[in-house]
Asks: 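Structure incoming, see below.
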Protein chains: 2
Amino acid sequence: MANTDWPGCGKSLKGVILDMCGVLYDSGEGGGVAITGSIEAVKKLKASDLQLRFCTNETQLNREAFVDKLKRLGFDISVSEVFSPAPAAVAVLKERGFRPHLLVYDGLLPEFDSVDKTNPNCVVIGDAAEKFTYQNLNEAFRVLIGLEKPVLFSLGGGRYYKEGDGLALDVGAYMKALEYACDLKAEVVGKPSPTFFQSVLNDMGLQPHEALMIGDDLVNDVGGAQNCGMKGLQVRTGKYRPSDERHSTVTADGTVDDLAQAVDMILKQRH
Amino acid sequence: MANTDWPGCGKSLKGVILDMCGVLYDSGEGGGVAITGSIEAVKKLKASDLQLRFCTNETQLNREAFVDKLKRLGFDISVSEVFSPAPAAVAVLKERGFRPHLLVYDGLLPEFDSVDKTNPNCVVIGDAAEKFTYQNLNEAFRVLIGLEKPVLFSLGGGRYYKEGDGLALDVGAYMKALEYACDLKAEVVGKPSPTFFQSVLNDMGLQPHEALMIGDDLVNDVGGAQNCGMKGLQVRTGKYRPSDERHSTVTADGTVDDLAQAVDMILKQRH
């Protein structure tokens with residue numbers, strides 16, 4: 001960790017939550033590539049006495065397909081360890097009687113199989129990528145503007161992410177477009193929603209101060225976790241940019257080169 | 001005017017500014033269609049002692065082509081009477097040494113012929129319609145995020161407008177998407193920018209209280225004009241929606257069925 005003190009979780013640390021894209025792997029053509037040292041780092045965490053969960057705003061694949069992808073890259077990981085926005089959204093939709101118009105990536109559609117989608121009374125957007133066409137956005141907009149009380153759910157609030165060929169606009173940008181056009185505030189399901197982080201803590205049975213979030217997204221991973229009372233560590237991989245280290249509102253509890261370095265330091269402090 | 005008192009410009013009124021799309025005509029396939037009574041209403045205004053200007057955020061055509069379109073629909077109008085964002089933007093770009101990356105409709109490109117576009121140091125977006133593709137938005141985003149001080153100019157800040165087949169997202173929605181992704185505030189050129197309204201007033205040589213804006217867009221036409229000290233009248237054509245009449249922040253000085261009704265009332269008050 002260059003020029004920063006260690007956040008000081010030390011021996012009180014009981015659980016670690018890892019963001020996935022940009023921490024474990026970089027996305028890209030053909031399913032992406034594991035970030036150097038990250039496969040081994042996950043193994044070390046699993047061999048330790050720390051609890052481990054994975055937390056992603058990935059909304060291009062359903063969880064099964066997503067975990068399969070990670071396994072093919074070499075990661076030891078199972079579906080029950082992974083928290084993603086779509087299942088959380090399905091629970092909210094059913095609980096509150098919402099029938100969504102979906103603007104999501106095709107690969108995510110199976111997550112919504114059990115949800116009534118007739119005569120929509122809300123819109124759900126995920127990272128639809130190429131499906132964010134002018135036509136599809138207008139269609140989602142028309143559903144919203146036609147409702148007496150327009151309700152928009154956004155699977156995450158990310159600004160952008162790193163693709164194989166560069167940075168790409170994330171779902172949060174399109175969420176803002178629809179918010180502005182319809183004069184409404186979207187409900188974010190997924191990072192950085194406190195409800196979402198809390199559900200991961202509940203699953204581990206831990207208090208916020210006992211857990212550490214490691215991510216590449218300063219605002220959504222680090223800031224989101226900090227808002228929940230956790231420590232947040234940023235890695236200099238994925239969508240990290242040097243200007244993150246002098247951000248106006250979010251300051252990471254620490255910044256490390258990559259997950260491998262983070263895990264080595266975490267485990268060293270426990271002995 | 002149903003159930004509202006006349007705003008009371010009366011005999012002190014010296015000039016009228018008309019929004020175009022949704023007031024003079026409805027857009028649609030084949031160039032759109034004149035709104036009933038609006039051709040005659042423009043004639044009546046021109047025959048009166050009032051000054052008349054047209055003010056549009058149209059950014060799909062250059063001014064010459066746009067005025068030609070209006071003439072074909074039957075309107076008596078000339079280029080020198082029309083104020084649109086692109087020429088205003090060109091002036092700003094040259095004055096401040098900006099070389100734009102353009103995300104605008106093809107028909108607008110000729111307006112920027114005289115501007116240096118090599119090695120861009122800002123982005124200009126207009127209502128690019130079908131050109132608002134995922135790829136083109138990512139491209140504009142990458143230009144911005146690659147700049148040390150990202151600068152975004154938006155030709156208008158409209159939320160949506162009426163197309164032949166329904167409502168469509170306007171440039172303001174995409175402006176918000178890029179603002180959020182890049183953590184910046186765009187500079188709006190065109191309505192509702194006070195600079196833009198002021199340039200129209202200057203051209204007429206009038207003070208704000210001597211002029212009346214008539215538009216279908218409550219926030220950008222009516223609210224924008226009111227912010228400049230003008231009265232603002234909304235017509236119930238174009239993108240008008242009944243909920244506009246109970247908007248939380250903008251209240252029109254009057255609401256009328258269409259331009260024909262507005263002009264009849266204005267002229268009646270002058271006798």
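Values reported hereafter were calculated over all heavy atoms of this structure, with side chains retained and with hydrogens, waters and symmetry mates removed. Throughout, protein chains are lettered first and strands after them, A, B, ... in sequence-line order, and every chain is numbered starting at 1.
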Asks: Give a yes or no answer on whether the side chain of B:Arg159 reaches the backbone of A:Tyr180 with a donor-acceptor pair at less than 3.5 Å.
Replies: yes
Asks: Side chain, backbone, both or neither: which part of A:Asp183 has a heavy atom under 4.5 Å from chain B?
Replies: both
Asks: In Å and rounded to the nearest 0.5 Å, what is the CG to OG1 distance from A:Leu137 to B:Thr133?
Replies: 11.0 Å
Asks: Is A:Ala128 close to chain B through its backbone or its side chain, or both, or neither, when contacts mean heavy atoms under 4.5 Å?
Replies: neither
Asks: Between B:Ala181 and A:Leu169, which heavy-atom pair has the shortest distance, and what is it?
Replies: CB-CD2, 3.4 Å
Asks: Between atom SG of A:Cys182 and atom CG of B:Leu167, what is the distance when rounded to the nearest 0.5 Å?
Replies: 9.5 Å
Asks: Go through the atoms of A:Phe132 and report whether side chain, backbone, both or neither lie under 4.5 Å from a heavy atom of chain B.
Replies: both
Asks: Between A:Arg241, A:Met175, A:Gln135, A:Glu179, who has the most heavy-atom pairs with chain B when the cutoff is under 4.5 Å?
Replies: A:Arg241
Asks: Donor-acceptor pair, distance only, cut-off 3.5 Å: does the side chain of A:Tyr160 make one with the backbone of B:Arg142?
Replies: no
Asks: Under 4.5 Å, counting heavy-atom pairs only, tell me which of A:Ala168, A:Gly166, A:Ala129 racks up the most with chain B.
Replies: A:Ala129
